[in-house]
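Values reported hereafter were calculated over all heavy atoms of this structure, with side chains retained and with hydrogens, waters and symmetry mates removed.
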Amino acid sequence: MDGWNYFNYFTEIEEYFWKKRGAHLLVSPLDWAIMETWQKAGIPLDAALKGIDRAFESYQSSRRGGLGKPLKSLAYCTDAVLEAAEEQQEAAAGSGPNAARAARSAPKEMFSREEIKAYFVRNVERVRVAAEKLAISQASGEFSARLREIAKSLESSMVLLDTLGAVDLEDLERRLTILDDKQQALMASHVSEERMLQLRREMDWQLAAYRKKMKAEQLALVEKQYIQKRLLEEFGLPRLSLFYLG
C-alpha cells in the first residue's frame with residue numbers, strides 16, 4: 001500500500017465492520033486473518049470499506065438478511081472488497097500520470113515518535129513476559145532464549161527513533177518484518193503436532209461456509225494468517241509491524 005497513513009488499517013476496518021454489523025463484538029481470528037490478506041495484497045483502505053458496504057447491501061437483500069440474521073464474518077465481504085480494489089486500480093490506471101504524481105505527493109498522516117516508542121516498549125515487555133513463562137519449562141528453554149534475543153533486537157531498533165530529522169519508517173518496518181518472521185518461525189517449530197492439528201480443525205470449521213467464495217491463492221493466505229494469529233494468541237506474543245500500531 002502506498003503511504004504510511006495506513007498504519008491504522010486494521011483498526012479502521014474493524015470499527016467500520018462493527019458499525020455496519022450494529023454490534024461491538026470482538027473480531028474473530030478468522031476476520032483478522034482476512035484483514036491481513038487484504039493488507040498484504042495492497043488493497044487500499046477506502047476500497048476495503050467500499051467493498052464492505054456493498055457486501056452488507058447484498059446480504060441485506062438475501063434470504064438470510066431478510067430474516068434478520070446478522071452478517072457474522074468479513075469472509076462474506078471478500079469478493080466485494082476485491083472487486084472494489086480492482087475498480088479503483090483500473091480507475092487510477094486511466095487517470096493519467098499527473099493524478100498518480102499528485103497521489104504520491106499527498107501529505108501522509110503518521111504517528112508521533114512518542115506513540116511509536118510506546119508501541120515498541122509495550123511489545124518488548126510482551127515478548128519478555130512470554131519468554132519468562134516459557135523459561136519455566138526445560139523443553140522450551142531454547143524458545144525462551146530466542147525470544148529474549150528478539151526483544152533485545154526490538155529494543156535496539158528504538159535507537160532509530162532518537163535520530164535527528166525524519167524517521168525512516170520504511171526501513172524501520174523492514175526491521176520489524178524480519179523480527180515478525182523470526183517469531184512466526186519459532187512458534188511454528190515449537191508448537192506440538194497435536195495442537196497444530198486442533199488449530200487446523202478449528203480453522204477448517206470456521207472457513208467451511210466460505211471456501212467456495214474464495215480463490216485458491218486467497219484461501220491459502222487466509223489459512224496461513226489464521227494459524228499465525230492463533231499461535232500468537234497461544235504464546236501471548238504481539239505482532240511487531242507498524243501496521244498494528246493503531
One should read off an interatomic distance between Glu115 CD and Leu242 CG, to the nearest 0.5 angstrom, of 11.5 Å
Heavy-atom pair of closest approach, residues Pro238 and Leu232 = O-CD2, 3.9 Å
Under 3.5 Å: donor-acceptor pair, side chain of Ser62, backbone of Tyr59 | yes
Distance (rounded to the nearest 0.5 Å) between Arg113 CZ and Leu161 CG = 7.0 Å
Does one side chain, of Glu36 or Tyr244, offer a donor that lies under 3.5 Å from an acceptor on the other?
-> yes
Nearest heavy-atom approach of Ile13 to Met35 is CG2-SD, 3.5 Å
Gln225 side chain near Ile34 side chain, heavy-atom distance below 4.5 Å = no
Atom pair CG/CD1 of Leu240 and Ile178 - distance to nearest 0.5 Å | 12.0 Å
So which of Gln228, Arg230, Lys229, Glu223 actually passes side chain to side chain contact (heavy atoms under 4.5 Å, CB included) with Tyr226?
-> Arg230
Taking all atoms of both residues into account, what is the closest heavy-atom pair of Gly51 and Ala84, and its distance?
-> N-CB, 4.0 Å
Separation between CZ of Arg146 and NZ of Lys182, rounded to the nearest 0.5 Å = 7.5 Å
For Phe17 and Asp31, work out which heavy atoms get closest and say how close.
-> CE2-OD2, 4.3 Å
Among all residues two or more places apart in sequence or in another chain, which pass the ring-ring contact (aromatic ring centres under 6.0 Å, His included) test with Phe120?
-> none
Scan for salt bridge (charged side-chain N to carboxylate O under 4.0 Å, His left out) pairs involving residues 50-62, sequence neighbours excluded, and state none if there are none.
-> Lys20-Asp53, Arg54-Glu87
Could you tell me which non-hydrogen atom of Phe10 sits nearest to which non-hydrogen atom of Gln39, and how far apart they are?
-> CZ-OE1, 3.6 Å
If you round to the nearest 0.5 Å, how far is CG of Leu147 from CZ of Arg126?
-> 12.5 Å
Taking all atoms of both residues into account, what is the closest heavy-atom pair of Ala48 and Ile43, and its distance?
-> N-CG2, 4.1 Å
Can you check side chain to side chain contact (heavy atoms under 4.5 Å, CB included) on Thr37 and Lys224, steps first, answer last?
-> CA-CA 9 Å; Thr37 63; Lys224 178 183 176 182; over 6 Å; no
Side-chain heavy-atom pair Leu237, Leu186 within 4.5 angstrom cut-off = no
Listed by chain and number, what are the side-chain hydrogen bond (donor to acceptor under 3.5 Å, both in side chains) partners of Glu155, not counting sequence neighbours?
-> Arg128
With sequence neighbours excluded, what pairs up with Glu132 under the side-chain hydrogen bond (donor to acceptor under 3.5 Å, both in side chains) test?
-> none
Gln198: side-chain hydrogen bond (donor to acceptor under 3.5 Å, both in side chains) partners, not counting sequence neighbours | Arg195
Return the set of residues passing side-chain hydrogen bond (donor to acceptor under 3.5 Å, both in side chains) with Arg175 (not counting sequence neighbours), or none when no residue passes.
-> Asp171
